[in-house]
Amino acid sequence: MRVCGCCYRFPSNPLSVSVCNFCPVLRGSLVYAEQLHQDKEKIVAMLSLETMGYFSNIAGSQKYPFPLDLLYPNRGDFISFVGNLNSRKLVRRTIKSFRDRARFPSEGAALPSWIPGVGWSDQWSFWQQGNPGIMITDTAPYRYPYYHTEQDTPDKINFDKLARVVAALAEVISDLAE
């Protein structure tokens, strides 16, 4: 049994959280997901930690593609848990575990993968092998005005909030491994 994500690897433990390289050219995570599939590994969860650390309480700071803009908050002060429709149980389980451990705003959704942004990280590679996977993110380009610019510097990160998110995610990973 494995829980995969982009952080650590525990080689002596059935819980394996592994580094994945999402890159349109190299497709490191796709190669890894294919290998796990060939090895008949049972993947219970893939967590893609994608662009976390920018938070804003300003109204209008959060954007979404349609139709999500009709359903979700317009302040970028939360962490988001996003999966495809086949990963809905994982989304629910993960966000419940997160909310049980963190007093931190969070949103979660299992969405059709055709919505822009839903498959923009390593979880996509695991979906291709039929595995559940979610992206945990501050929603990157839908919130962060400095995304992929020269102004994308460490001073934009709210390290206190990021630390709270990461501490809770460590406990979430332990829950998923049970």
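These figures come from a predicted structure and were not determined experimentally. Every heavy atom of this structure was used, including side-chain atoms; hydrogens, water molecules and symmetry mates were not.
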Next on the checklist: Return the CD1 to CZ distance between I157 and F55, rounded to the nearest 0.5 Å.
Outcome noted: 10.0 Å
Next on the checklist: Could you tell me if the side chain of V166 sits less than 4.5 Å from the side chain of M52, heavy atoms only?
Outcome noted: yes
Checklist entry - Sub-3.5 Å donor-acceptor pair from the side chain of E41 to the main-chain atoms of Q35, do we have one? => result no
Next on the checklist: Regarding S56 and R143, do their side chains bring together a donor and an acceptor under 3.5 Å, going by distance alone?
Outcome noted: no
Side-chain donor/acceptor pairs under 3.5 Å, residues 65-80, sequence neighbours excluded:
{"unit_1": "R75", "atom_1": "NH1", "unit_2": "N57", "atom_2": "O", "d": "2.5"}

Next on the checklist: With side-chain hydrogen bond (donor to acceptor under 3.5 Å, both in side chains) as the criterion, how do S87 and N84 come out once you've worked through the C-alpha distance, each side chain's angles and the decisive distance to 0.1 Å?
Outcome noted: CA-CA 5 Å; S87 300; N84 65 356; 2.7 Å; yes
Mind listing the side-chain donor-acceptor pairs of residues 130-139 below 3.5 Å, one per line with the distance, residues two or more places apart or on another chain?
{"unit_1": "T137", "atom_1": "OG1", "unit_2": "E50", "atom_2": "O", "d": "2.8"}
{"unit_1": "T137", "atom_1": "OG1", "unit_2": "T51", "atom_2": "O", "d": "3.4"}
{"unit_1": "T137", "atom_1": "OG1", "unit_2": "T139", "atom_2": "N", "d": "2.8"}
{"unit_1": "D138", "atom_1": "OD1", "unit_2": "A140", "atom_2": "N", "d": "3.0"}
{"unit_1": "D138", "atom_1": "OD2", "unit_2": "G53", "atom_2": "N", "d": "3.3"}
{"unit_1": "D138", "atom_1": "OD2", "unit_2": "Y54", "atom_2": "N", "d": "3.0"}
{"unit_1": "T139", "atom_1": "OG1", "unit_2": "Q62", "atom_2": "OE1", "d": "3.4"}
{"unit_1": "T139", "atom_1": "OG1", "unit_2": "Q62", "atom_2": "NE2", "d": "2.9"}

Checklist entry - Does the K156 side chain pair with the main chain of Q151, one donor and one acceptor, at a distance under 3.5 Å? => result yes
Next on the checklist: Just checking K89: does its NZ atom have more than 12 heavy atoms from other residues, nucleotides or ligands closer to it than 6.0 angstrom?
Outcome noted: no
Item to check | same_hphob_cluster(V91, F104) at 4.5 Å side-chain heavy-atom cutoff | outcome: yes
Item to check | Pairwise distance OH(Y32) to CD(Q129) - rounded to 0.5 angstrom | outcome: 12.5 Å
Item to check | CZ-CG distance between F98 and L169, expressed to the nearest 0.5 angstrom | outcome: 5.5 Å
Checklist entry - Taking all atoms of both residues into account, what is the closest heavy-atom pair of A33 and S125, and its distance? => result CB-O, 3.6 Å
Checklist entry - About how many Å separate CG of L47 and CG of D122, when rounded to the nearest 0.5 Å? => result 11.5 Å
Item to check | Side chain R93, main chain L90, donor-acceptor under 3.5 Å | outcome: no
Item to check | Joint cluster assignment, I58 & Y142, ILVMFWY side-chain distance < 4.5 Å | outcome: no
Next on the checklist: Counting C-beta onward and ignoring hydrogens, is there a side-chain heavy-atom pair between F81 and V172 closer than 4.5 Å?
Outcome noted: no
Checklist entry - Closest heavy-atom contact between G119 and W127? => result CA-CZ3, 3.7 Å
Checklist entry - Is any side-chain heavy atom of P141 less than 4.5 Å from a side-chain heavy atom of W120? => result yes
Next on the checklist: Taking side-chain hydrogen bond (donor to acceptor under 3.5 Å, both in side chains) as the definition, give me every residue that meets it alongside S113, ordered by chain and number, with sequence neighbours left out.
Outcome noted: none
Checklist entry - In terms of hydrophobic clusters joined by side-chain contacts under 4.5 Å, are Y64 and Y144 together? => result no
Next on the checklist: So does H37 get a backbone contact from the side chain of K40, meaning a donor-acceptor N/O pair under 3.5 Å?
Outcome noted: no
Item to check | Side-chain touch K96/D100, heavy atoms, less than 4.5 angstrom | outcome: yes
Checklist entry - Just how far is it from atom CG of L36 to atom CD1 of I43, taken to the nearest 0.5 Å? => result 4.5 Å
Item to check | Backbone of A167 reached by a side-chain donor or acceptor of R101 within 3.5 Å | outcome: no
Item to check | Chi angles and distances behind the side chain to side chain contact (heavy atoms under 4.5 Å, CB included) call for V165, K161 | outcome: CA-CA 6 Å; V165 168; K161 289 183 178 183; 5.6 Å; no
Next on the checklist: Tell me the closest heavy-atom pair linking G108 and R99, and the distance in Å.
Outcome noted: N-NH2, 4.4 Å
Checklist outcome for this item: Between the CZ atom in F159 and the CG atom in L162, the distance rounded to the nearest 0.5 Å is 7.0 Å
Item to check | Minimum side-chain heavy-atom gap V44-L176 below 4.5 Å | outcome: no
